[in-house]
Protein chains: 2
Amino acid sequence: MEKPNKSNKVSLAEVAQAAGVSKMTASRVLRGSGGYSEKTRKKVMAQVDLLGYLPNRLATVFSGEKNSTFVGVSIPELGNEVFTQVLEGIDRKLGSFGHQTVLGLTQHTHEEEENWIRTVLSWQPAGLILTGRSHSIRSLEMLRNSGLPIVEIWDLNSSPLDVSVGINHFDSGFEMGRYLISLGYRSLGYVGTSHDTANAATARLDGFTKAVEDGGGSVRRQLCLHDTASFYPGFYGTEQLLSTSQDLECVFYQNDSMAFGGLQFCTARGMRIPEDIGIAGWGDLPIASVLHKRLTSIHVSHLKLGQVAAEKMIGRLSGESVATCNDIGFHLMPGSTVRSNIPV
Amino acid sequence: MEKPNKSNKVSLAEVAQAAGVSKMTASRVLRGSGGYSEKTRKKVMAQVDLLGYLPNRLATVFSGEKNSTFVGVSIPELGNEVFTQVLEGIDRKLGSFGHQTVLGLTQHTHEEEENWIRTVLSWQPAGLILTGRSHSIRSLEMLRNSGLPIVEIWDLNSSPLDVSVGINHFDSGFEMGRYLISLGYRSLGYVGTSHDTANAATARLDGFTKAVEDGGGSVRRQLCLHDTASFYPGFYGTEQLLSTSQDLECVFYQNDSMAFGGLQFCTARGMRIPEDIGIAGWGDLPIASVLHKRLTSIHVSHLKLGQVAAEKMIGRLSGESVATCNDIGFHLMPGSTVRSNIPV
DNA sequence: ATAGATTACGTTACGGGTAACGCAAGCTTT
DNA sequence: AAAGCTTGCGTTACCCGTAACGTAATCTAT
């Protein structure tokens with residue numbers, strides 16, 4: 001078994017020596033910065049290939065004032081497909097510009113986020129992309145002190161630390177509420193979860209409630225579970241919800257996964273959808289189309305959100321002036337899990 | 001708009017000067033390596049807090065022979081929930097040991113993987129976790145030259161570069177084939193995709209075919225689409241499959257997402273499941289339970305796979321001797337999308 | 001032919017930490 | 001009280017590239 005340390009790294013100096021030139025000349029050749037003859041270039045490159053030289057970016061960043069190509073990206077969890085898509089959008093775009101993603105899973109807590117920020121900053125990243133607008137005091141301090149470009153995503157923020165990319169969650173909830181009201185629903189329920197940083201979901205619920213009340217309805221029961229926003233909590237949350245409020249006409253869920261759970265519960269109990277109860281989700285996941293019924297939901301292009309976030313980061317890194325507030329938008333997807341017109 | 005460069009970083013030297021000690025003493029205090037008085041420690045720490053000093057890990061790694069805390073992790077794509085779970089398992093475990101994930105999305109191609117490997121190696125990572133056992137020649141060269149711990153995951157490899165964590169895909173396909181044969185199915189079909197690095201899926205198909213033929217059946221039609229292994233390809237792949245082979249009794253899919261697509265297609269065409277056709281998937285995704293029918297599938301603990309991969313990496317980094325070949329195992333999940341006993 | 005510009009390199013210093021070593025002051029031992 | 005040890009801290013050198021500068025050789029202009 002070999003030791004992991006004692007790396008047999010080939011340094012630029014070794015390449016230079018083997019090629020019979022100075023370190024500096026080898027460096028110039030490798031960077032293609034000019035100032036060398038074709039003959040020299042060939043000598044150096046021959047040794048690079050021969051010795052299998054790989055540049056040491058640590059030294060490069062460390063040396064000059066040029067910043068690294070690392071971008072720290074914090075994501076609450078990967079269990080939620082929504083964030084997965086955002087991450088994919090970010091990493092692809094970042095990668096196409098020669099940047100690398102340093103991942104951080106914060107589990108929706110300030111504490112994890114703060115620890116991750118501290119660590120990732122010590123690696124001198126070029127910038128940070130953070131999910132959510134809510135951060136601990138010490139985090140804010142570190143972020144500000146770092147002087148780095150920061151892109152806050154997910155939750156649109158009119159006064160972000162630096163740049164914000166996301167959607168207006170309040171409005172999306174509001175639109176769903178207005179839609180359901182327009183279909184004649186008046187007695188509504190909500191099932192979601194609560195966390196340190198789940199402000200977006202809260203905003204959706206607030207918008208939803210506002211629209212429903214504006215329309216003369218009411219959100220009879222709001223359930224905020226201390227669990228992940230996934231299938232099972234949706235299932236048992238619905239059970240809990242309906243056990244005390246049988247008269248609900250329609251339930252709005254924090255996301256599609258939870259809505260699926262609710263759908264499953266209702267179907268298992270022999271309830272017809274949408275005849276007996278309406279189901280509405282949020283996020284419009286690809287799996288929404290798995291069902292024979294199309295889930296009524298709010299569509300957000302999560303991939304695009306990630307891509308735009310990465311683009312804004314690239315923009316900041318290249319010194320362009322970047323809009324502070326970037327709205328990705330959403331639209332309502334009418335489905336067949338709510339009734340399609342006002343009952344007579 | 002402030003410039004992203006010109007970072008007002010506080011260096012150890014500044015802390016030391018402010019505390020009236022030498023750089024080295026400040027370094028010792030921060031690392032807690034001993035060799036300083038309590039009085040000095042307080043003086044230094046007071047300045048650390050006051051100046052908001054954050055250590056520069058770049059310099060640390062760059063300086064000594066100690067390796068970094070970065071671990072490069074390559075994943076083919078995040079669109080597939082299977083890999084998402086693996087990544088979550090890796091990052092959580094790695095994080096709990098103070099390591100960071102540098103993500104690379106290879107899109108199942110050798111080319112992307114090779115480029116990513118080159119880049120990530122230039123950052124002097126502590127080790128690499130790669131999905132798949134198939135790599136380009138130049139990749140292999142770089143990996144070997146690096147002398148770094150390498151954990152290859154997903155596809156169990158009896159002679160890996162360094163360490164392998166995964167499952168035997170051939171066996172999993174074989175078990176599914178044998179199961180379907182035991183239920184009396186004889187005329188079978190397969191729908192999947194093909195890529196540079198999708199050897200695992202190929203192995204599953206091989207195992208499946210072997211079992212089916214051993215059992216006196218045959219895999220009449222094998223469809224390998226050039227697409228992502230997701231819902232829609234499953235849908236139209238099934239359409240294609242059934243348009244030329246109406247007599248298929250059961251279809252095995254590369255994964256659950258594709259199986260869902262197939263299920264959707266069949267249901268839309270008015271076919272009854274499992275009466276008219278059987279459907280079997282692979283991976284046992286959480287969404288498998290979204291359906292009123294439970295999908296017949298192969299269960300693999302993807303999260304655990306990721307965790308074990310990270311553990312093996314940690315083991316290698318701390319110089320422990322680590323098993324070369326680590327089988328995570330799988331088990332067949334009988335569902336209601338295939339018939340439950342041999343028809344009379 | 002000679003001054004001035006250009007080309008093709010080499011030399012030096014530096015960045016932010018750390019290992020290795022040096023050394024003075026305080027403590028113990030006999 | 002002298003020798004030996006320990007403690008606490010400073011000094012120096014180094015890691016691997018790059019910026020800035022220096023210089024010898026070649027080329028151009030007059």
Side-chain angles (χ1 to χ4, degrees), chain A residues 5-45 47-48 51-69 119 121-125 146, chain B residues 5-45 47-48 51-70 119 121-126 146:
Chain A
N5 58 342
K6 204 65 184 177
S7 58
N8 41 345
K9 300 268 167 58
V10 183
S11 76
L12 188 60
E14 294 173 65
V15 172
Q17 192 175 15
V21 299
S22 73
K23 247 172 51 168
M24 201 55 219
T25 298
S27 170
R28 279 189 275 248
V29 168
L30 276 158
R31 281 174 299 132
S33 71
Y36 48 86
S37 66
E38 179 58 20
K39 210 179 76 186
T40 304
R41 197 191 65 80
K42 278 186 178 145
K43 273 195 302 183
V44 172
M45 291 313 286
Q47 291 304 321
V48 165
L51 301 172
Y53 171 75
L54 283 181
N56 183 340
R57 301 279 226 123
L58 241 56
T60 305
V61 172
F62 183 60
S63 155
E65 286 307 302
K66 56 171 59 82
N67 35 14
S68 81
T69 55
T119 305
L121 282 180
S122 75
W123 286 106
Q124 319 297 108
S146 75
Chain B
N5 60 341
K6 206 64 183 176
S7 57
N8 41 342
K9 300 267 167 59
V10 183
S11 76
L12 188 61
E14 294 173 65
V15 172
Q17 191 175 16
V21 299
S22 74
K23 244 172 58 168
M24 201 53 218
T25 298
S27 172
R28 280 189 274 250
V29 168
L30 276 158
R31 282 174 299 135
S33 70
Y36 50 84
S37 65
E38 177 57 22
K39 209 179 79 188
T40 305
R41 197 191 65 79
K42 277 189 179 145
K43 270 196 304 187
V44 172
M45 291 313 287
Q47 292 303 321
V48 166
L51 301 172
Y53 171 74
L54 281 181
N56 183 340
R57 301 278 228 123
L58 242 54
T60 304
V61 173
F62 180 59
S63 156
E65 285 308 300
K66 56 170 60 83
N67 35 15
S68 79
T69 56
F70 276 131
T119 305
L121 281 181
S122 75
W123 287 105
Q124 319 298 106
S146 76

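Sequence lines set the chain letters: A, B, ... in the order given, protein chains first and strands last, and positions in each chain run from 1.
- Where A:S11 and B:G35 each meet DNA chain D at their nearest nucleotide, the meeting point lying more 5' is that of B:G35.
- The distance from atom CD of A:Q124 to atom C1' of C:dG17 is 11 Å, rounded to the nearest whole Å.
- If you check every strand for non-hydrogen atoms under 4.0 Å, B:S37 touches sugar and phosphate atoms only.
- Comparing atom distances between the B:N56 side chain and each of D:dC9, C:dG17, C:dA19 picks out C:dG17 as nearest.
- With B:Q47 contributing its side chain and B:V44 its backbone, the two residues share no donor-acceptor pair below 3.5 Å.
- Look at CD on B:Q17: it is 15 Å from C1' on D:dG10, rounded to the nearest Å.
- Contact annotation: A:S63 does not reach the phosphate of D:dT18 (side-chain N/O to OP1 or OP2, under 4.0 Å).
- Following rounding to the nearest Å, B:K9 (NZ) and C:dG15 (P) show an atom-to-atom distance of 15 Å.
- The base of C:dG10 lies close enough to the side chain of A:R28 for a donor and an acceptor atom to sit less than 3.5 Å apart.
- Toward the 5′ end of DNA chain C lies the nearest nucleotide of A:E38, the other residue of the pair A:E38 and B:L54 mapping further downstream.
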Test side chain to side chain contact (heavy atoms under 4.5 Å, CB included) applied to A:K43 and A:V21, step by step: CA-CA 9 Å; A:K43 273 195 302 183; A:V21 299; 4.1 Å; yes

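- The interatomic distance linking B:R57 (CZ) with C:dG15 (C1') rounds to 18 Å, in whole Å.
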Full working for side chain to side chain contact (heavy atoms under 4.5 Å, CB included) between B:W123 and A:T69: CA-CA 10 Å; B:W123 287 105; A:T69 55; 3.1 Å; yes

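- Of the listed nucleotides (C:dA19, D:dG17, D:dT18), C:dA19 has the atom at the smallest distance from the side chain of B:M24.
- For A:K23, whose side chain is taken as the heavy atoms from C-beta onward, the closest listed nucleotide among D:dC9, D:dG17, C:dC9 is D:dG17.
- Atom P of nucleotide C:dA24 and atom OH of B:Y36 are separated by 25 Å, given to the nearest angstrom.
- Nucleic acid contact for A:F62: base, since at least one base atom lies under 4.0 Å from a heavy atom of the residue.
- Side-chain atoms of A:S68 never come within 3.5 Å of backbone atoms of A:V61 as a donor-acceptor pair (strictly under, hydrogens ignored).
- Of the side-chain N and O atoms in A:S27, one or more sit less than 4.0 angstrom from OP1 or OP2 of D:dT18.
- Spacing between atom CG of A:L12 and atom P of D:dT18 amounts to 7 Å, rounded to whole angstrom units.
- For the OP1/OP2 pair of D:dG17 and a distance below 4.0 Å, the side-chain nitrogens and oxygens of A:Y53 include at least one atom meeting the criterion.
- A:K42 has its NZ atom 14 Å from the P atom of C:dC9, to the nearest Å.
- Proximity of A:V10 to A:V15: side-chain heavy atoms (C-beta onward) are separated by under 4.5 Å at one or more points.
- For B:R41 and D:dC9, the shortest distance from a side-chain N or O to OP1 or OP2 is not below 4.0 Å.
- When the P atom of D:dG17 is taken as reference, atom CH2 of B:W123 falls 13 Å away, rounded to whole Å.
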